[in-house]
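Lettering of chains follows the sequences in order, A, B, ..., and the numbering in each one begins at 1.
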Amino acid sequence: MYFCGMNIEHFLSSSLSPIINELFGLTTNPNDIILQKTKKEFEGDYTLVTFPYIKAAKATPEKTGELIGEQLLKHHSSVTQFNVVKGFLNFSLSNDFWLTEYKSISQMSNYGIKEANSSGKQIMLEYSSPNTNKPLHLGHVRNNLLGYSVATIIKTQGHEVIKVNLVNDRGIHICKSMIAWKLFGNGETPQSTGMKGDHLVGKYYVEFDKAYKKEIQTLIDGGATKEEAEKQAPIMLQTQEMLLKWEANDPDTIDLWKMMNGWVYDGFGVSYKKLGVDFDKMYYESNTYLLGKEVVQEGLTKGIFYKKDNGSICIDLTNEGLDEKVVLRSDGTSVYITQDMGTAIERFKEFPKINQMIYTVGNEQDYHFKVLFKILAKLGYSWANECYHLSYGMVELPEGKMKSREGTVVDADDLMDGMVATAKETTKELGKVEGFTTEELETLYQTIGMGALKYFILKVDPKKKMLFDPKESIDFNGHTGPFIQYTHARIKSILRKFEGNLQSILISDHITLHEKEKELIKLQYEFPYILEESAKTFNPAVVANYIYELTKLFNQFYNECPVLKEENNTIKEFRIKLIDSTASIIKNGMTCLGIDVPERM
RNA sequence: GGUCCCGUAGCUCAGCUGGAUAGAGCAACAGCCUUCUAAGCUGUGGGCCAUUGGUUCGAAUCCAAUCGGGAUCACCA
């Protein structure tokens, strides 16, 4: 049940409230009156549920509906008829009403999208945040697509968005890849192996794990307990030593670190480009991991934190329904949340104008962010309330959760390449691409393959975990990206064949709308409210599902109403306009999802 | 065990700020290409909306309990 657009809703509600008040002696105001779109099985455009008024009316729901309906009909020329079924008052708006509405829609360029303006907010949105020890996998894909899409959707509301990426480029896990490469790498480089840099480094992350496990087994066979073995394995000791060297700025270690991270960044760059995502600013944990310590001191003097006997510094959140949380280790070093506190404070200093900070991070960290925001609020940062954890569900495989070390991951590059390859195959099979240059074809395969993948992921509510079965490849028919892209191409094909001048078409006042035309107008009318809703809830699936509905409706229209073959020129020109604005909403909606739509396919 | 999230068609998902007979896609079956792109359209079958109670004129939707699944509760990140 959607709010039916603001203008119409407001217009109707404000017409209805005096009627209801006068009839039944109530004092409702227009905002209290809830209208809904009339269900398909019934005659009418909008529906008012009369149950709330039957007491005051001292009448049956049917009678109440009749009374309101009669008044509405009498006072409003746009309302042409009504009917009452049980407690539901359905009324219809006139042909002219919809036609007039459509005229104003068709005159707007980028209907529903607000330009950045001075009243808009400045919002920082963090997403992606990869580790530099392994390539991206399907989970990262969801994060990246979601973050990028939400940023784009927020921009349509006239806000400025600063997209940031906080790269986890240091720590023990990075050292693992480094040690393994040093021990077993024989000087391999992306150049010498032809491997993508992130994959090469990832290979050594796996190598580390193999060697580590082998050493543990040897130690256990020699009589050690599992716990002892895990601590004493030489490769682990070497890794810990390397981390200390890194923190001490040992030149050789830093050089190795820079070299291998460089490989990873080259690899990520390629993946990001394929994904079509970008960032306005990069943050690196190697620069931020020491932040937050002073704040801990500050909190200590304010009495928000306290020192335990063992020297660690904590905060007690048990009154808030949370636990006690360590914010500084007894050896004085930071924990995860210390950095996050410091980084947040730093960002608000660096960008004093930001009104909101959004973190795109998986729902496994729900608790962490609850604690983080609570601590920031306690420290007295008023903007703590404007921090938001854009939490999304895990992507699960049929066998369960993905685990990097166990090799049960779907690699992002493999996945994307596979989708593009399937797109190529399917396109060739259908054979509709005569006259494309080789370059255009490559772009098209890319567009379709990535469109399928992106739509597949973004059409589901981010909050929910989603299942991905690699064996059942992503579909190109039905509720999919390619279906929407195809429809767009179809419209564009008609527009290319139209011989008149699209810009100069004036919509006649004397058109009797076909049922499907009216439905198309009604649905187009909703687009701005869909964007609003989607931005407000940080949910691209709202846009995705809307665009699908619009597309499906267009295809029904396409099957019932000829455009170019329509003999009545007035109607033909109107239809040209109608499909043109449909195409542009499809395009703009898909852009919100980071999906391109081709002119031909 | 505490806290949080989730259970809708065989499968993947909409609908959830309470409203009419719970919707799509995939899969299955049956139709539609001398007509603007069939990656399309039309139709058929498929549901105790996990269960039980409660609130309400009205519950898939709100509340509680139960069952089932997941996450989290580190001086890891």
Span that lies between the C1' atom of B:A20 and that of B:C32, in whole angstrom: 33 Å
Separation of B:A24 P from A:Y455 OH (nearest whole Å): 15 Å
Trace of the side-chain contact (heavy atoms from CB on, under 4.5 Å) decision for A:H488 with A:M590: CA-CA 10 Å; A:H488 180 266; A:M590 290 295 264; over 6 Å; no
N/O (side chain, A:K459) to phosphate O (OP1/OP2, B:A24) under 4.0 Å: no
Short side-chain N/O contact to B:U21 OP1/OP2 from A:K86, under 4.0 Å: yes
Interatomic distance where NE2 belongs to A:H368 and C1' belongs to B:A77 [whole Å]: 9 Å
Minimum side-chain heavy-atom gap A:I595-A:Q485 below 4.5 Å: yes
Whole angstrom value for the distance that separates P of B:G23 from CG of A:D461: 21 Å
Ionic contact status for A:E573 with A:K577, cut-off 4.0 Å: no
N/O (side chain, A:R496) to phosphate O (OP1/OP2, B:U37) under 4.0 Å: no
Heavy-atom side-chain contact between A:V167 and A:N165 under 4.5 Å: yes
Centroid-centroid distance, A:Y205 to A:H173, less than 6.0 Å: no
Among B:C36, B:U12, B:U37, the nucleotide that comes nearest once only the side chain of A:L467 is considered: B:U12
Phosphate contact (B:G7 OP1 or OP2) by A:K464 side-chain N/O below 4.0 Å: yes
Candidate nucleotides B:C41, B:G70, B:A38, ranked by approach to the side chain of A:E396 - the nearest: B:G70
Same-atom distance (P) from B:G15 to B:C62, integer angstrom: 12 Å
Closest listed nucleotide, where the reference is the side chain of A:Y486 and the choices are B:C16, B:G40, B:C36: B:G40
Student check: side-chain heavy atoms of A:Y392 and A:T360 closer than 4.5 Å: yes
Nearest to side-chain heavy atoms of A:K39, which nucleotide of B:A20, B:G40, B:A77: B:A20
Whether A:F42 stacks on the six-membered ring of B:A20 base, 5.5 Å and 30° limits: yes
A:F538 side chain near A:Y388 side chain, heavy-atom distance below 4.5 Å: yes
Residue whose closest nucleotide on RNA chain B lies nearer the 5' end, A:D366 versus A:Q556: A:D366
Stacked pair A:F88-B:A20, distance under 5.5 Å, angle under 30°: yes
Pair of N/O donor and acceptor under 3.5 Å linking B:A20 base with A:N90 side chain: yes
Secondary-structure string, 5' to 3', Watson-Crick or G-U under 3.5 Å, | for another-strand partners, for RNA chain B: (((((((..((((.....[...)))).(((((.......))))).....(((((..]....))))))))))))....
